[in-house]
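Note that the coordinates shown come from a computational prediction; the quantities given were computed from them, not determined experimentally. Naming convention: chains lettered A, B, ... in sequence-line order (proteins, then strands); numbering from 1 in each chain.
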There are 2 protein chains.
Amino acid sequence: MIDQNIKIAVDAIVFGYEKGTLYVLAVQQRFGKLADRWVLPGGFILDDEPLITAVERELKEEAGITVSYLEQLATFGDDIKRDDRFRVISVAYFALVNPKNFVLKADTDAKDAKWFPVAQVPTLGYDHNEMVKLAHQRLKSKLTYQPIGFDLLDHEFLFSDLENLYCSILERDIDRRNFRKKILSFGIVKETDKVVKIGSSGRPGKLFVFDKPKYHQLLKENFQFDIRFA
Amino acid sequence: MIDQNIKIAVDAIVFGYEKGTLYVLAVQQRFGKLADRWVLPGGFILDDEPLITAVERELKEEAGITVSYLEQLATFGDDIKRDDRFRVISVAYFALVNPKNFVLKADTDAKDAKWFPVAQVPTLGYDHNEMVKLAHQRLKSKLTYQPIGFDLLDHEFLFSDLENLYCSILERDIDRRNFRKKILSFGIVKETDKVVKIGSSGRPGKLFVFDKPKYHQLLKENFQFDIRFA
DNA sequence: TAATTTTGTGTTGTTTTTACACAAATTAAA
DNA sequence: TTTAATTTGTGTAAAAACAACACAAAATTA
């Protein structure tokens with residue numbers, strides 16, 4: 001008979017983006033050994049609860065949000081002593097959300113919930129900084145072969161928003177003309193007839209939307225989203 | 001206090017390649033409810049054992065092999081009723097090995113161990129067919145952006161071996177000249193001065209080797225392995 | 001009304017990719 | 001021993017994709 005004394009948890013690395021800055025969501029623990037420490041949202045799963053449901057539940061409970069993109073990242077199985085009594089294995093999830101869509105509010109176990117710029121994430125509990133690092137890499141590479149940037153933007157966005165998102169997350173310059181040409185060539189971004197001047201000065205721009213159904217249709221026809229630059 | 005009644009297992013999807021055919025390793029269970037059923041090699045982890053160590057141990061125990069490439073694939077957390085008494089969550093690992101390097105021998109829990117052509121994998125226990133499917137996709141896509149094909153070949157190989165491997169795993173035709181040109185342009189495959197005529201007729205070919213140190217050096221210089229075809 | 005900011009747009013040279021065929025070295029068969 | 005069959009090895013040209021680049025238009029602010 002199997003005698004195992006290991007518990008399973010899930011953790012989420014949730015990225016948000018706003019005005020050229022990429023953020024990660026962290027929560028401050030209320031209870032336990034690590035009270036007051038910042039950690040990733042997450043927690044133990046219930047016996048009859050699918051992993052992904054557990055993540056969604058914890059995000060709702062600890063930060064009051066529902067993400068728009070969620071996928072499994074990796075399982076962190078070694079060196080974790082979350083508790084003295086047993087080993088914990090944590091399944092980490094990668095998530096994206098538009099921070100504008102929610103007001104963070106810590107509920108149950110969390111004392112506080114907060115967005116940290118990825119460049120200034122404090123030392124988190126457990127091995128959570130490692131998770132953030134891995135998730136950050138995943139975001140960077142995924143951005144180039146899957147149209148997930150749209151999950152970080154408003155439904156309607158300026159082309160410059162998309163361009164700035166790519167610039168700031170990938171940390172490189174992008175040629176505006178080539179970028180626009182490329183994205184438009186895919187046919188998955190549609191121009192609306194709305195024109196908007198946001199904030200300060202400058203010529204007003206047209207708003208665009210991501211045509212998700214079109215993207216999924218193209219996928220069936222072997223379309224391959226791919227944005228790379230030199 | 002956390003009251004969880006879930007056990008953790010690891011499973012491995014081990015691919016082998018020989019003469020144009022891709023194989024997956026399966027073992028036949030000796031004990032338990034699924035006695036005689038074919039399943040992926042794997043099993044429960046020990047309390048103080050890293051996940052990857054558990055995989056290596058099980059592969060050794062159940063099939064007598066040591067793989068040459070091993071990475072985490074995904075964690076299968078839902079719908080598993082391996083045992084009536086508790087839920088099982090399994091961390092699946094993706095592995096590659098050259099079948100020539102080992103003679104399969106079932107040891108401990110396994111009655112038998114066997115290579116199945118991927119196209120003819122029988123119905124396996126648990127959700128293992130799903131794991132094989134996911135691993136197969138991973139292999140296909142990874143082949144295009146990481147030089148892992150060499151882990152499936154002999155240390156010294158003919159260019160045609162490499163080409164056939166790509167053809168058969170990716171299931172498409174490849175232009176021999178363009179393929180060779182591209183691979184050689186990377187500078188990670190070296191020509192030896194050995195010439196060999198294998199098996200049947202035809203002009204003898206030169207043997208090549210994968211220059212792993214060179215590859216890792218190039219990686220540091222932002223080299224990106226990439227093989228794609230129309 | 002002049003200066004500043006931001007959007008929008010095309011062309012050209014360079015590089016990469018694709019398509020394609022025949023000679024050389026060997027074995028097997030006539 | 002000649003002929004057929006098999007497999008390796010190699011180059012070029014056309015097409016496509018990529019990279020680099022600058023200025024006018026629409027608005028705000030000074």
Residues which pass salt bridge (Lys or Arg N to Asp or Glu O under 4.0 Å) with B:Lys190, listed by chain and number, not counting sequence neighbours
B:Asp211
Please identify each residue that fulfils salt bridge (Lys or Arg N to Asp or Glu O under 4.0 Å) with B:Lys206, with sequence neighbours left out.
B:Glu191
Just jot down the side-chain hydrogen bond (donor to acceptor under 3.5 Å, both in side chains) partners of B:Arg57, sequence neighbours excluded, or say none.
B:Glu49, B:Glu61
Nearest-angstrom distance from the residue atom CZ of B:Arg172 to C1' of C:dT18:
14 Å
SB check A:Glu163 A:Arg180 (cutoff 4.0 Å):
no
The criterion is salt bridge (Lys or Arg N to Asp or Glu O under 4.0 Å); which residues satisfy it with A:Asp161, sequence neighbours excluded?
none
Using distance only, find each side-chain donor-acceptor pair of residues 18-28 of chain A under 3.5 Å and give its atom names and separation, not counting sequence neighbours.
unit_1  : atom_1 : unit_2  : atom_2 : d
A:Gln28 : NE2    : A:Asp36 : O      : 3.0

Taking for A:Val195 and for A:Asp226 the nucleotide of DNA chain D with the nearest heavy atom, the one nearer the 5' end belongs to A:Asp226
Tell me every residue that passes salt bridge (Lys or Arg N to Asp or Glu O under 4.0 Å) with B:Asp175, counting only those two or more places apart in sequence or in another chain.
none
Footprint string (nucleotides 3-9 of chain D, 5' to 3'): B base within contact, S backbone only, - free, heavy atoms under 4.0 Å
---BBBB
Between the protein and nucleotides 10-12 of chain C, are there any N/O to N/O pairs under 3.5 Å, and if so, what are the atom names and distances?
unit_1 : atom_1 : unit_2   : atom_2 : d
C:dT11 : O4     : A:Lys181 : NZ     : 3.1

For A:Lys105, side-chain hydrogen bond (donor to acceptor under 3.5 Å, both in side chains) partners two or more places apart:
none
Check the distance between C:dT7's P and A:Glu191's CD and give it to me in whole angstrom.
14 Å
How many Å lie between CD on B:Gln224 and P on C:dT16, as a whole number?
15 Å
A:Phe179 atom CZ is separated from C:dT7 atom P, nearest whole Å, by 13 Å
